[in-house]
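Every chain is numbered from 1 and lettered A, B, ... according to where its sequence line falls, protein lines coming before strand lines.
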Amino acid sequence: MTQTFPTTEPIWCAGCGHFGVLRALDSAFDRLSVSRHESMVFAGIGCSGTIQNHVKSYGYHALHGRVLPAAAGAKLANPSLTIVAAGGDGDGLAIGMGHLVHTFRMNPSFTYIMMNNGTYGLTKGNVSPSSPTGFKGMTAGRDADPIMLGLSLSGTTFLARGYSGQMEQLSELTDAAITHSREGRGFAFLEVISPCVAYNDRYQDWRSKLHDLGSEPAYDPTDRGAAFTHALELKENGQLPTGLIYKGKKDSLESTLGVSAANAPAHQDITSSVHRSEYQSLIDSFRR
Amino acid sequence: MTQTFPTTEPIWCAGCGHFGVLRALDSAFDRLSVSRHESMVFAGIGCSGTIQNHVKSYGYHALHGRVLPAAAGAKLANPSLTIVAAGGDGDGLAIGMGHLVHTFRMNPSFTYIMMNNGTYGLTKGNVSPSSPTGFKGMTAGRDADPIMLGLSLSGTTFLARGYSGQMEQLSELTDAAITHSREGRGFAFLEVISPCVAYNDRYQDWRSKLHDLGSEPAYDPTDRGAAFTHALELKENGQLPTGLIYKGKKDSLESTLGVSAANAPAHQDITSSVHRSEYQSLIDSFRR
Amino acid sequence: MTSSKDHLDDVNIIVSGQGGDGSLTVSTILSDLLRERGYNIYTERDVASRIKGGVATASLRASRESRHVRSDDVQLMVSFDAEGVEKVKDQLADDAFIVFDDSDGRLPEGAVPASARLHAAPFGKIAVRQLGRTLYKNSIAVAFATRALAIEDDEVRSSFERRFRRMGQAIVDQNLQALQVGFDLADKMGISADVPMARLSAKGQNKQIQITGNEAVCLGFVAAGGRFFAGYPITPASELLATLESWMPRLGGIAWQAEDELAAVNMAIGASITGVRVMTGTSGPGLALMQEGIGHAGAAEIPLVIVDAQRAGPSTGLPTKPEQSDLDLMLYGGNGDFPRMVLAPGEPGDCFELAVKATNLAEKYQCPVYLALDQGLSQNLATVDEFDLDSVVIDRGKILSEEDLVSMDVFQRYALTDDGVSPYTTPGTQSGFFLLTGNERDEFGRVTTSSANRVRMMDKRMAKLDSALSELPTGRFIGDPNAKVGLIGIGSAYGTLVDALEKLSAYGLNAQLLQPRTLFPMLPETIEFITNSDRVYVVEHNQTGQLAGLLIREGAERNRVRSVIRYDGTPLRPGDIAAEILEKEAQS
Amino acid sequence: MTSSKDHLDDVNIIVSGQGGDGSLTVSTILSDLLRERGYNIYTERDVASRIKGGVATASLRASRESRHVRSDDVQLMVSFDAEGVEKVKDQLADDAFIVFDDSDGRLPEGAVPASARLHAAPFGKIAVRQLGRTLYKNSIAVAFATRALAIEDDEVRSSFERRFRRMGQAIVDQNLQALQVGFDLADKMGISADVPMARLSAKGQNKQIQITGNEAVCLGFVAAGGRFFAGYPITPASELLATLESWMPRLGGIAWQAEDELAAVNMAIGASITGVRVMTGTSGPGLALMQEGIGHAGAAEIPLVIVDAQRAGPSTGLPTKPEQSDLDLMLYGGNGDFPRMVLAPGEPGDCFELAVKATNLAEKYQCPVYLALDQGLSQNLATVDEFDLDSVVIDRGKILSEEDLVSMDVFQRYALTDDGVSPYTTPGTQSGFFLLTGNERDEFGRVTTSSANRVRMMDKRMAKLDSALSELPTGRFIGDPNAKVGLIGIGSAYGTLVDALEKLSAYGLNAQLLQPRTLFPMLPETIEFITNSDRVYVVEHNQTGQLAGLLIREGAERNRVRSVIRYDGTPLRPGDIAAEILEKEAQS
Ligand SMILES: Cc1ncc(C[n+]2csc(CCOP(=O)(O)OP(=O)(O)O)c2C)c(N)n1
Ligand SMILES: Cc1ncc(C[n+]2csc(CCOP(=O)(O)OP(=O)(O)O)c2C)c(N)n1
Ligand code: SF4
Ligand code: SF4
Ligand SMILES: [Mg+2]
Ligand SMILES: [Mg+2]
């Protein structure tokens, strides 16, 4: 066996919510029998942005806020890969907000786990777009909710929310998200409430605030309007829904571009002369 | 009278929807008795991005996609100004998407008129995030709807949609938007369907697609959930709602920062010695 | 048409009108006709940054030899707009042949050289009156122009037939009718040329193609195996995206319009990680936005080709006008020290060749490689020799297959090597796991701040530039190798300087021209060229002499370097440049 | 404690432990004590880019004269971590006094110099056993350190009382108890110093403040009337935002954390348009993102101050480590040619002075002005003379009031003037309407592509650099003005070179130091300094010699310039730099 990079131990603070995300992700690969060498973890910048170092998988540490375009580019280039992007709320909701909306819109088939702790851990506890009202003077109405955002976009196909203090549900949701994207159904968005014990320790808080939609047999995750109004109601009562929030059907980006595992950029033979006649005919088209 | 820049004639193609936006804006300043020298128009880059040249007002031509942060900075620095930002769908929904979401979140009191023609006019008809299904191969589910987006964000306080082929309604909505922001209620977002006759001429189309909410006496623009589901229904039937879509109440950004007309950055006397003792006490705090 | 030159060999033509009024088709029709006669063709467009209106100008040069600039001796002008004439007045030959549409009024006194041959008629009005649409003014005017060039009427007619055929017989007939109106009018006004355009051998023609720099870059990229492009529309780079969007589907590749330039460069990086050859392309404002991403590619060692189709800055500047003022940004943008290469093609042939090269270099050396184009080079159409696919060699560098890997004890994506290049794998390979990061890291890709490791990694990355030196594109040397006066120019300045060199020689100044095709890392030959000259005129299209600055920083003797700079938003013209050099020579 | 130096005047101390374990408070306590004795204090921190764990080191220098570097002769080290000792081993004085917590095991053989005085005890274990919390190991260790410095026990006790008072009496008592445990242990181990720290006159002290470069920049900015700051968190620039967030409310200003760096720079630009003095601040990756905005400020003529707290690149690099590798980005970033100024403070006093200057220059010349800091300068605490508010003069340049305007026939925001600066107004002024744009435009601000206008506008904008030349901050010259060997360094290299100069002189090398405080436009004095020297060592913290490159490009003779470069992610050390210069001198 060729030795490749040894996975490292996390450098997170003891009790950091990110440990739960890591566990759920790594074990999901096993549960789903993802072949490790055909998987790749794309990470943002932040405490969350080291998760790829701890998973046996190909790993990439993107620029701050750019994990989604990087992952989308990779997926389009090689749809055979199982791609999981992961990063913090600063990464995904502040600097990366535009890409998040566009990724919902475009629906490329990869999973994105947003490790949301409502603060910037690595830069020492700054306000983030998802910081709770009251955090460092944050005013009501400022908090960004990526699930609501996803519901507002017609390209969205998978929205779920888990909690790193609830491993069973989190594992299920992680499996569901990765499965959604592995099956080519599009962009699977999984927000994980992942408390930062150093700067925004709200484990206490969440216990009473999270509402598991799994406990509502009547909840229909395919009804976008109902999902929106239900979440709105919960939020007005200080609750946040967890579980599978929405599942829709739209063509995946790679499929609309006609990219398949068989005919993807990464699988083109570029060194032989198979494309030569195409090149020549392109050249010929300039004999105008 | 000191001569200042002479307003110029638009260089838009005859029939361009942007003419309507210009007319509505310029006349709104008159109708609302906005004192011209206390107003400023911030424009994006695109065909739409020349609108400020045609209005007697202070004018700024921002970078592509950055009209919102520039306008927000100006509003925070000098809340006495009536600020109207305007730009295209490429400017606001593609490259500027992140700022749009954050501006909804933060709710600074200025008006933003998105001149939406579903294409990039100035760069010759490229696909935009709001291009209709079918435009240059655009697939269903890709189109971004800024009103739905605004509804998903809890900081949103004003959402309206007009049509440059419907001047009466457009003028009313423009007045309402500018009034909302002038009264310090926050960010007033007005989307205007403003067809591009050169690259995406859909005047025909819109005639049957637009649904005026003003015609529904029962419509309640203060109910976010209902507004969302109603818009969703209309969209599912190929319709798009116009009129005042949502009006909410949240503190404006400048008010949460304690900025008032009286105590704003732009109104500080920095040349006299009024702040000197403050400076000295800051220096003294470093005798640690 | 007479002038000091033999018109059979070289004619410069300008057509001008209002943006969007179709007048530039006159230039296209003349271009077709002259191309059919076997001439090399070079065309330029000068349009406003708006969709309708504003002066729009097309220039056309037909020459026996290949040329890449429109000269400032214009022998034939067709104008529908007085402002268009005004704009190029200084570039009209004394005896220029001028066809003017005076529907909106006469040309003002002194608008053209005194000895010019002005033929004015109200083409627009005639078109409306006799043919019902203003548009036909263009076909009427063609008749005047072809008479001036002494091209037979029948030849023009058959060209019209070919050209308009796909639009249907009605269109053909109407345009032929308009043409005939023109011929009749020309007959009435007694218009004829002195010297006809030649019929050159058709031999050379068949091996030629007519192409812009942007299109040639696209061809080079795909021929080199490029299969992923992400961009965002911006003048004058948009054609890269549009061209590749139309080609990629049949090649199994993707060209994608991203939501902005940040997404574009990072999508390209993501695709590159999978082993696909990638490119992005933009112009100044977009390139400024991509700087973080480009530096990241350098730091994380990810292949990336970036095309900068430069336009006049700063900021949004003059979006449709030419300039070469992003050299500093390409050379010194991005934070921190990382290896990058900057190649600079001078005409479409170079664009093809260097795009192939850049695509290979990026992957082989795992770093960003720039192709520095400029508006003129990017968008102007020129006839060049057909690109030779046999010349395309694909070099994937140190890529490792599963077979390679299994025979290795250990695989490290950032292994320290003598040449600075580490063997690499692509995801999907069973034994090739890696960690990629823009942070400093050890050979496995694990982040570390160890200072000893840091120095080794910095040295490793920068060593690539030395390793690549011998395979970087060398410059093009033209003229007398013993001349004591040198000229240096890149991009579209190449075409200008080829012409200027001739003009200088006509004035008795013996000079030599170097078009460096690699700007960074600096090739020794470039510095030697300066060292071996008494004086070198560095001709560039920017305000601050960025290329001269680079040359001096990289080793050129300051006192041998003379800057010739232009930054007025118009193309570099050979006569203008030659005049400044002659003036400076007179003073030296 | 003996060494070749007189310890009374100058002591270098290092404390190291694990990130987040509180060990760096030992350094703070020693700093307080020595400051109370009247010493100048300089402290450095070296932390990992993570919240808990990793080696964290604090350095402290106490000296009679003001110093801005920790020397590489460390006389006292307190370490709770073997790796911390390993990292600085080479910088320990031969007879260094080393206090080591061996709770986790002894130091390996040869870990410290043979003649060092090592005093090891299991502080951590003792703390847990006797006081119930590991945290108290720090207070125990303080006792050892103050004994080494021969500071009286009582003095330490009263300092503890003052320091811990605000945390409540319980904390005071517990720490005093821990301190006593330390004194007792020290007694038992017979620890005492040879030479005590002096009690310097308290005279100088009162006029001194202790401050970081980032904080000093904030002070200068607000004192110059700065009232709007927009930024985004990034090490080592985050303190700019945090500091101004806490100050602005009482000054009627705003400091705002934007959603990203693009928003930050464009918000600052928007605020600037209203006439407010604005600043943004970031580090390498963020600065790369801001390039489009910064160029736009230059093009549209909008005042903007940008602080770059440089860190080790490229890309994300080593986020918490020092480097000066964004010089090229500041000098040459952005698309197209536009005027910019780059100022480079060397210590907190400069930071204050140049922040005032930058704020004035930006508004007066309506262009972007950079303040080039680096991690060491930004974050290290130093004692400096109290800033003098009388020195602050606010120059708003050509601002026009309504009274000015009514007496004018015409107001043009981009009026052509000799000095390149146009009079300006702010929105709200009755007769001051303007159009601002980053496109090329006429004097009223109306977009135009006229080539004559283009040249005038480009020249006008660039003329500002010449106009400003006489008021740009001049450099600091230190040492023998007749010395034939020169040293040049900026930012935190200034502090290093002051020390290195002394060391060189001790070795008999007579040299002169120039700390240029304006990098761009280049001041003639900087080039003259080089011309007047036989050799100039340009000492900089990057891989490619960016400062040397600038100097050569701007006029320095290449053969007089010798680069001394470091890029290992650790601070520049005077002994190390002096040694390289001596070696090079020996060869020259
Ligand atoms: C362009 C850029 N700006 C700023 C930074 C500094 N930075 C590093 S991590 C981070 C935020 C991290 O927050 P989040 O994404 O929520 O991750 P967490 O640490 O909370 O897991 C920032 C702002 C950077 N690396 N790059
Ligand atoms: C950073 C940057 N990228 C690209 C461009 C080129 N560009 C100019 S306008 C435009 C899009 C305009 O579309 P839109 O905002 O919808 O305005 P419209 O012309 O349709 O009114 C683009 C991409 C630019 N100026 N700056
Ligand atoms: S600082 Fe917060 S996010 Fe970072 S590792 Fe510690 S607990 Fe986790
Ligand atoms: S191109 Fe389209 S958007 Fe631009 S002016 Fe013409 S109609 Fe309007
Ligand atoms: Mg976070
Ligand atoms: Mg548009």
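Contacts of B:Leu257 with chain D are made by side-chain atoms alone, with heavy-atom separations under 4.5 Å and no backbone atom involved. Only the side chain of B:Gln268 comes within less than 4.5 Å of a heavy atom of chain D; its backbone N, CA, C and O stay farther away. Contact of B:Leu81 with chain D is made through the side chain alone, with heavy-atom distances under 4.5 Å. Neither the backbone nor the side chain of B:Lys75 comes within contact range of chain D, judged by heavy atoms closer than 4.5 Å. Residue D:Ala230 does not touch chain B at all, counting heavy-atom pairs closer than 4.5 Å. Looking at D:Asp390, the atoms closer than 4.5 Å to chain B (heavy atoms on both sides) sit in the backbone and in the side chain alike. With a 4.5 Å cut-off on non-hydrogen atoms, B:Ile11 does not touch chain D at all. For D:Phe434, the parts lying near chain B are the backbone and the side chain together; criterion is any non-hydrogen pair under 4.5 Å. Contacts between B:Ser281 and chain D at a heavy-atom distance below 4.5 Å involve the side chain alone, from C-beta outward. Contact annotation for B:Thr2: both backbone and side-chain heavy atoms come within less than 4.5 Å of a heavy atom of chain D. With a threshold of 4.5 angstrom between heavy atoms, B:Ala266 approaches chain D through its backbone and through its side chain. Contact annotation for D:Arg250: both backbone and side-chain heavy atoms come within less than 4.5 Å of a heavy atom of chain B.
When D:Gly225, D:Cys218, D:Gly252 are compared by the number of non-hydrogen pairs under 4.5 Å with chain B, D:Gly252 comes out ahead.
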